[in-house]
Amino acid sequence: MLCLDDFYKEGDDPTLPRTNGVIDWESPAAWDASAAVQTIAQLVRDGKAEVPVYAIGADRRVATRVFDLAGSPLFIAEGIFAAEIVSECQRAGLLAGAYALRRPRGATFLRRLVRDLAERRKPAGVLLRRGLGLLRSEPRVLRRQTSLGCQPARGGEFVRQIVARVPKTDPRA
């Protein structure tokens, strides 16, 4: 699984969007879509690519790692801004499918909060305010993702649709 959240821009990047003087990390402009698409293209072409490792608490990339498909015919690229590159990946022939997962909003809020607190991504008050804002905006986000070409799917549906796309000549199918 390729984590597209690792393609956020560095915290000192002057092109980062701001709202009331504060960086708007929820804006797609806070993310390097071009680098994400280039990496996906390299993965499709070469089967492996060097990808960034982003530390959200530090607002920067802290390392790189090799992402190797190890011969897999498909991979999952996931992240809040994944829908932003659906049409570009489709035009370039890089896309097998695009899905927007629908989950119970309360469960998503709790899962995100627990993860973010455990990883100490930001101070607890910031995480709580951000989480509540994301909880309220989730229906709008899902509408945007589907308008950008993602198919809405629940977790089990998503897995079945991905498995159906694995070439039948593949022994794992």
Restricting to side chain to side chain donor-acceptor pair (under 3.5 Å), what partner residues turn up for Asp24, sequence neighbours left out? none
According to salt bridge (charged side-chain N to carboxylate O under 4.0 Å, His left out), does anything in residues 132-143 pair up with another residue at least two apart or in another chain? List the pairs. none
d(Thr19 OG1, Glu26 CD) to nearest 0.5 Å is 10.0 Å
State, yes or no, whether a side-chain contact exists between Ile85 and Gln90 at a heavy-atom distance under 4.5 Å. no
To the nearest 0.5 angstrom, please state how far the CZ atom of Phe67 sits from the CD atom of Gln42. 12.0 Å
Shared hydrophobic cluster for Leu101 and Leu142 (ILVMFWY, side-chain gaps under 4.5 Å): no
Taking every non-hydrogen atom, the tightest pair across Ala82 and Ala77: CB-O, 4.3 Å
Out of curiosity, Ile76 CD1 to Leu4 CG, how far, rounded to the nearest 0.5 Å? 11.5 Å
Do Leu69 and Leu43 have side chains that approach each other closer than 4.5 Å (heavy atoms only, starting at C-beta)? yes
Which heavy atom of Val62 sits nearest to which heavy atom of Ala55, and what is that distance? CG1-CB, 3.6 Å
Restricting to pairs with a member in residues 43-57, which pass side chain to side chain donor-acceptor pair (under 3.5 Å), not counting sequence neighbours? Glu50-Thr64
Linking directly or through intermediates, with side-chain heavy atoms under 4.5 Å: list the remaining ILVMFWY members grouped with Val114, chain and number order. none
Quick one: list whatever passes side chain to side chain donor-acceptor pair (under 3.5 Å) with Ser34, sequence neighbours left out. Gln38
Hydrophobic side-chain clustering at under 4.5 Å (ILVMFWY, transitive links): who's grouped with Leu148? Put none if nobody. none
For Lys9, the salt bridge (charged side-chain N to carboxylate O under 4.0 Å, His left out) test, sequence neighbours excluded, returns none
Go through the steps for Val51 and Leu2 under the test side chain to side chain contact (heavy atoms under 4.5 Å, CB included), then give the verdict. CA-CA 9 Å; Val51 299; Leu2 177 64; 3.7 Å; yes
Do Cys89 and Ile40 have side chains that approach each other closer than 4.5 Å (heavy atoms only, starting at C-beta)? yes
Output all residues satisfying ring pair (Phe, Tyr, Trp, His ring centres under 6.0 Å) with Phe81, sequence neighbours left out; order by chain, then residue number. Tyr8, Trp31
Mind listing the closest non-hydrogen atom pair of Cys150 and Ala83 along with its distance? SG-CB, 3.6 Å
Name all residues meeting the side chain to side chain donor-acceptor pair (under 3.5 Å) criterion together with Glu78; count only those two or more places apart in sequence or in a different chain, and write none if there are none. none
Indicate yes or no: does Lys122 engage Asp59 in a salt bridge with an N to O separation below 4.0 Å. yes
Would you give the length of the straight line joining atom CZ of Arg111 to atom CG of Asp116, rounded to the nearest 0.5 angstrom? 12.0 Å
Under the side chain to side chain contact (heavy atoms under 4.5 Å, CB included) criterion, do Val141 and Ile80 qualify, and how do the steps go? CA-CA 9 Å; Val141 170; Ile80 189 65; 4.1 Å; yes
How would you list, by chain and number, every residue that makes a side chain to side chain donor-acceptor pair (under 3.5 Å) with Ser147, sequence neighbours excluded? none
Inter- and intrachain pairs under salt bridge (charged side-chain N to carboxylate O under 4.0 Å, His left out), touching residues 84-99, at least two apart: Glu84-Arg144
Other cluster members, Phe109 - Ile/Leu/Val/Met/Phe/Trp/Tyr, side-chain contacts below 4.5 Å: Leu110, Leu113, Leu117, Leu127, Leu128, Leu132, Leu135
For the residue pair Thr39 and Phe7, establish whether any side-chain heavy-atom pair is separated by less than 4.5 Å. yes
Quick one: does Leu95's side chain get under 4.5 Å of Val86's, heavy atoms only? yes
